Amino acid sequence: QVQLVESGGGLVQAGGSLRLSCAASGRTFSSGAMAWFRQAPGKDREFVATVTAIGTNAYYADSVKGRFTISRDNAKNTVYLQMNSLNHEDTAVYYCTMGRFIRSSSTHIDVDYWGKGTLVTVSS
């Protein structure tokens, strides 16, 4: 069974930065694509970013492109989400996922596993 544990969420002022981490266990980490999704209060869950198995390619939602960076360290079984220039609209629970890379998909991942999420709150 795969376990994904997110960390790094918290309260930050608008314009600030946070880095989320997600530690994976229970499966060969380097075999799967990894992605972040988020769900804001009262809204549907939405795609944020995906990184391929060996980290060579990354894909982003338009709303975060140029501000967020997804990366992974396969030696540490960890994926990261560096978030800069945060604004109130970035307030959400952020979820780490693992799955199969799908080039033609809008999210580029067919998710098999979800973490429990970490809350990011951006104060204006």
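Nothing fancy with the numbering, it's 1 onward along the sequence. Only a predicted model underlies this, so the values are computations on that prediction, with no experimental measurement involved.
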With a 4.5 Å heavy-atom cut-off, do [X] and [Y] have their side chains touching?
{"X": "Val79", "Y": "Val51", "value": "yes"}
{"X": "Leu81", "Y": "Thr69", "value": "no"}
{"X": "Val93", "Y": "Lys116", "value": "no"}

Without swapping roles, check the side chain of [X] against the backbone of [Y] for a donor-acceptor pair under 3.5 Å.
{"X": "Thr78", "Y": "Lys76", "answer": "yes"}
{"X": "Thr52", "Y": "Asn57", "answer": "yes"}
{"X": "Asn74", "Y": "Ala53", "answer": "yes"}
{"X": "His88", "Y": "Ser124", "answer": "no"}
{"X": "Thr50", "Y": "Thr107", "answer": "yes"}
{"X": "Thr91", "Y": "Thr121", "answer": "no"}

With rounding to the nearest 0.5 angstrom, report the [atom1] to [atom2] distance, [X] to [Y].
{"X": "Leu86", "Y": "Arg67", "atom1": "CG", "atom2": "CZ", "value": "6.5 Å"}
{"X": "Arg72", "Y": "Ser21", "atom1": "CZ", "atom2": "OG", "value": "13.5 Å"}
{"X": "Ser25", "Y": "Gln3", "atom1": "OG", "atom2": "CD", "value": "4.5 Å"}
{"X": "Met98", "Y": "Met34", "atom1": "CE", "atom2": "CE", "value": "4.5 Å"}

In this structure, are over 12 heavy atoms from other groups packed under 6.0 Å from Arg100 atom CZ?
-> no

More than 12 foreign heavy atoms under 6.0 Å from CD of Glu46: is that the case here?
-> yes

So Arg103 and Tyr59, side-chain contact (heavy atoms from CB on, under 4.5 Å) or not? Walk me through it.
-> CA-CA 10 Å; Arg103 186 175 301 278; Tyr59 305 86; 3.9 Å; yes

Distance-only side-chain donor-acceptor flag, Asn84 / Ser17, under 3.5 Å = yes

Does a donor on one side chain and an acceptor on the other come within less than 3.5 Å for Tyr94 and Arg38?
-> yes

Take Leu20 and Met83 through the side-chain contact (heavy atoms from CB on, under 4.5 Å) test and state the conclusion after the steps.
-> CA-CA 8 Å; Leu20 305 183; Met83 306 186 294; 3.7 Å; yes

Check step by step if side-chain contact (heavy atoms from CB on, under 4.5 Å) holds for Ile109 and Thr97.
-> CA-CA 9 Å; Ile109 188 168; Thr97 68; 3.9 Å; yes

Verify side-chain contact (heavy atoms from CB on, under 4.5 Å) between Asp112 and Val2, making sure each step is shown before the conclusion.
-> CA-CA 9 Å; Asp112 293 318; Val2 171; over 6 Å; no

For residues [X] and [Y]: do they belong to one hydrophobic cluster (side chain heavy atoms under 4.5 Å, members Ile, Leu, Val, Met, Phe, Trp, Tyr)?
{"X": "Trp36", "Y": "Tyr80", "value": "no"}
{"X": "Leu119", "Y": "Trp114", "value": "yes"}
{"X": "Leu4", "Y": "Phe101", "value": "no"}
{"X": "Val48", "Y": "Tyr60", "value": "yes"}
{"X": "Ile70", "Y": "Val64", "value": "yes"}

Are the aromatic ring centres of Tyr95 and Phe37 under 6.0 angstrom apart?
-> no

